[in-house]
Amino acid sequence: MNGVVHRIAIPRGAALRVEVGDLVKPDQLLAVNRAPGHAVTVDVAGRLGRSAATAGELLEAHPGSRLEAGSVIARSPQGAVVSAPVAGLLVGYSPSDGTALLAPLGEELPVIGHVSGRVLAVHDGAIDVEVRGAQLVGVGGTGEAVHGELVVAVHDPGEELRAAAIDVGATGKILVGGSRASAETLTRARAMGVAGIVLGGVLDKELRDFEAIQRRRREIGGLAGSFGLVLLEGFGKVGFDPQLFDWFRRHAGHLASIFGAQHRVYVYDAAAPPRRTPQPAVGDRVIAHRRPFQGRGGVLVAVLDDLHATPSGLVTRMALVRFEDGRLAPVPLANLESTARASER
Amino acid sequence: MRPPPPAPGAELSVLVDIGSAWTKASVIGRSRGRWRIAAHAAQPTSWDERELWRTLAAHLAAGADRRLHERLERLVAEAPRIECHTPRRPARLALAAVSRDISGAAARRAAESAGWVVEEVASMDDDRSLAARLGALQSAGVDAWLVSGGFDDAHSEQALEMAALVAAARRGGETPVIWAGSARLGAEVGRLFEPAPVSLVANPRPSPDRSEPTALRHHLEALLQEMIEPGGSIHLAPISFRRAIAALAETAALRILGIDIGARYANWVVADSDGSAESRIFASGGLSSPTLTGPGGPARLTRLIPQSIDELAVADALQNLRARPGTVPQTEEELAVTHGALRALLAQMAVDETPRGVDLIIGGGRTLASIPNPGLAAQLLLDGLRPLGVTQLAIDPSGALGPLGSLDDVEIGEGIATVRDDLIVPLGTSIVCRGGRAGQVAMRVTVHRTGWPEVGPVEVRSGSVQILPLGRGQTADVEITLDGDASLGTPRRTRHVRTSVQGGSVGLVLDARDVPLVVPRRSDDRRSVQAAWRDVFLREPMQAPGRVE
């Protein structure tokens, strides 16, 4: 199985709990981070009996230093010492009033990667994990990193995911929807504890409305749990490629992770998904990406000689596609991708 | 026995611009002793390069010696190649500033126009707690840190606090730190980051009433080149485009504005006749710009489109354009949205850099170059930029300027001179005035051409646009009389202007639609006005009533 490398951002200063070569699971603790809390003021100049400007020259700790309670912040030549009243991060020193700002570090917060694989490398601020699974990269998405069991929630790749299709059985799962989901459906899914949704298409407006609802709920403190959404085909009402939908069906029940902001889906212990390649050839099964055929599949019948004008007036390489509904239509070759099952490669 | 005749050959070079979404290529060949752009083609960058050679060979075949036909593809593939490319990845920085709208805005503009993506902004007035600000900076995945704040004559404690915050968040990492704040604080800021070095750069906002972003922009440009493509910066498209425009300005002795809008990047270059050039590189200024798809973006753009397309469809089309920039708008509506996006991006760039005193505007980038009608290209440039006064307009249809700019210093001028006649396509000249009373005559224009009947005076009413025929290679003298409070933006309020204009594939555009463009509020009225303007640009220019002297 081909491994793909997934980079997990780790806040600077977090304490790592894994090493290169470790196998990690989606819910495994990778690091713990103590986020800085509200800063406290430490009167450095006053305690040293110096002016604010001269006390600054006696600092022994730089901004960014992590201090334990009692660690020395500044020391005068006469031996007077100013120490940290609490453990924390030294944020800065003000030469105008001679005080230092110390941000106490909060409780240890877990950093979870939501991926399964092997730690490949550790960088400043990130960990690379080699993921043992199939990767799908979408065109849009929103929300946090989540993982859960894959469930296909529609019967047909062109079907819209309706709010009524989401019940308590979907809690903690990653749902594979169809060609669209309304903001209401997405809000209900989140409220029902669904971990995430993978869709063929969604209207940009619905996605924005959903994000606005989440923002407002977060502001008033009513939002719990994580939720992610990844869009695989395009914006608007766009169904899945039937081959890709079949692939999801075959992998229902597998563990999957989705990364909304990165438009990425991983399905573990899975066969390779239908592969998309640009520049299709005659005889290939293709999928169209722009209107009026967006999301429709068919077979490339011919590539026309010379350049031809599209209905928009642009002149480009055109191809003839026999779509699944039997219609034969010219489509710009640049708007087509060939899609093939792993076994056909 | 007679020796066999020599096999026919071809002297060819290939210019290639590898963009993030589209690759553009042109073949330069010698024909009857002259070097010409003999063929050009474009294809998605994700396609196999051999397809590009095949397409170019097919285009060349029409005019090539028949004995060469079978070898054309190989000749093109093996021809010397002059290449430029879009940076392979954007560079990201975190910005910490005292004020979001003063020091922060100046530093952010400088960074974005130097080609950086600003990943995180922290300021004293960002309504976050110190802890939240610190947490956000700690989590930022960036290539550099930029700290700004305080005027040059002040010892700003707040600026020092922001610098300390970055030092705390950075925690001794290796990413470079740039201090572009109060000059008086440089040494103190340096101490905060010891032992790491801090680059001290001139303050982009040295006083409340002064903005001087150039030094910071240049520093960030140099740093970006060092990080993204050490040693090969002249092959980066934004750099090579600037060099080509500078060389063209020097050769033509004109002040030229070159604009190149791609899928990811947008590039704005102003070059003077002495060969000096200033550029701004917008790393997120291309057709995938988040400003187009962000809150309010689709609604604003819907107002720029003459067709009746609802905002939901515009939003989806913009997102699809962002997600799949290598595709082609197949329907009229999708093309209208793409052109609306181009207009919006041009207007956005023109807000900061008004194209004043420019003799020639050259539009580049796949969207402008592939436009089905030159009139539409002229309209997009004029609607977006609103260049006040008299300005020549042209496009770079083959995308050859970028690759030519990647030649060595001594070769650029020669390269441009070699294919000068084919390099840019002149659209004509625009005369754009500002002001005027609605419905009243804003300017009267009379066109004199030696040997031709005088045309005019043509009355151009405020809010309208007219096009007079003036073909490529033709020049004319025009007399412009301004009425009411209409102005061409000249320093003195001159009522009569005489100037010389050059023709092109569109002609002489007389544009009294005000600066910035004024459109009715009601959507139906707006669309009908916009449709009327579009019709003027799309139809053949009409000969205005003339009189024979």
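Letters go in sequence order (proteins before strands), and every chain restarts at 1.
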With a 4.5 angstrom heavy-atom cut-off, which part of B:Ser370 approaches chain A: side chain, backbone, both or neither?
both
Under 4.5 Å heavy-atom distance to chain B, tell me which part of A:Val238 shows up: side chain, backbone, both or neither.
neither
Most chain A-contacting option - heavy-atom pairs closer than 4.5 Å, from B:Pro298, B:Ala132, B:Ala168
B:Ala168
Contacting region of A:His263 [heavy-atom separation from chain B under 4.5 Å]:
side chain
Per-residue contact mode, A:Leu59 against chain B (heavy atom under 4.5 angstrom):
neither
Under 4.5 Å, counting heavy-atom pairs only, tell me which of B:Leu192, B:Asn373, B:Asn320, B:Leu335 racks up the most with chain A.
B:Asn320
Could you check A:Leu333 against A:Thr316 for side chain to side chain contact (heavy atoms under 4.5 Å, CB included), going step by step and ending with a plain yes or no?
CA-CA 8 Å; A:Leu333 195 58; A:Thr316 187; over 6 Å; no
Check this for me, if you would: do B:Asp143 and B:Arg92 make a salt bridge, where the nitrogen-to-carboxylate-oxygen distance has to be below 4.0 angstrom?
no
Just checking A:Glu184: does its CD atom have more than 12 heavy atoms from other residues, nucleotides or ligands closer to it than 6.0 angstrom?
no
Is A:Arg34 salt-bridged to A:Glu107, cutoff N-O under 4.0 Å?
no
Is A:Glu206 salt-bridged to A:Arg180, going by a charged N under 4.0 Å from an acidic O?
yes
With a 4.5 angstrom heavy-atom cut-off, could you sort out which part of B:Ala169 is near chain A: side chain, backbone, both or neither?
backbone
Measure A:Arg208 against the heavy atoms of chain B and call it side chain, backbone, both or neither at under 4.5 Å.
side chain
Would you mind telling me which of B:Arg322, B:Glu161, B:His59 has the largest number of heavy-atom pairs within less than 4.5 Å of chain A?
B:Arg322
Could you give the distance from CZ (A:Phe235) to CG (B:Leu318), rounded to the nearest 0.5 Å?
10.5 Å
Side chain to side chain donor-acceptor pair (under 3.5 Å) with A:His289: which of A:Glu337, A:Glu233, A:Gln294, A:Arg296?
A:Glu337
Relative to chain B, which segment of A:Leu89 carries a heavy atom at a distance below 4.5 Å: side chain, backbone, both, or neither?
side chain
Parallel, tilted or perpendicular: which fits the ring planes of A:Phe293 and A:Phe323, with parallel below 30° and perpendicular above 60°?
parallel
Chain B heavy atoms under 4.5 Å from A:Leu207: which part of the residue, side chain, backbone, both or neither?
neither
In terms of heavy-atom pairs under 4.5 Å, which option from A:Ala334, A:Ala212, A:Pro292, A:Gly140 contacts chain B the most?
A:Ala334
Whatever's closer than 4.5 Å to a heavy atom in chain B on A:Arg66 counts as both
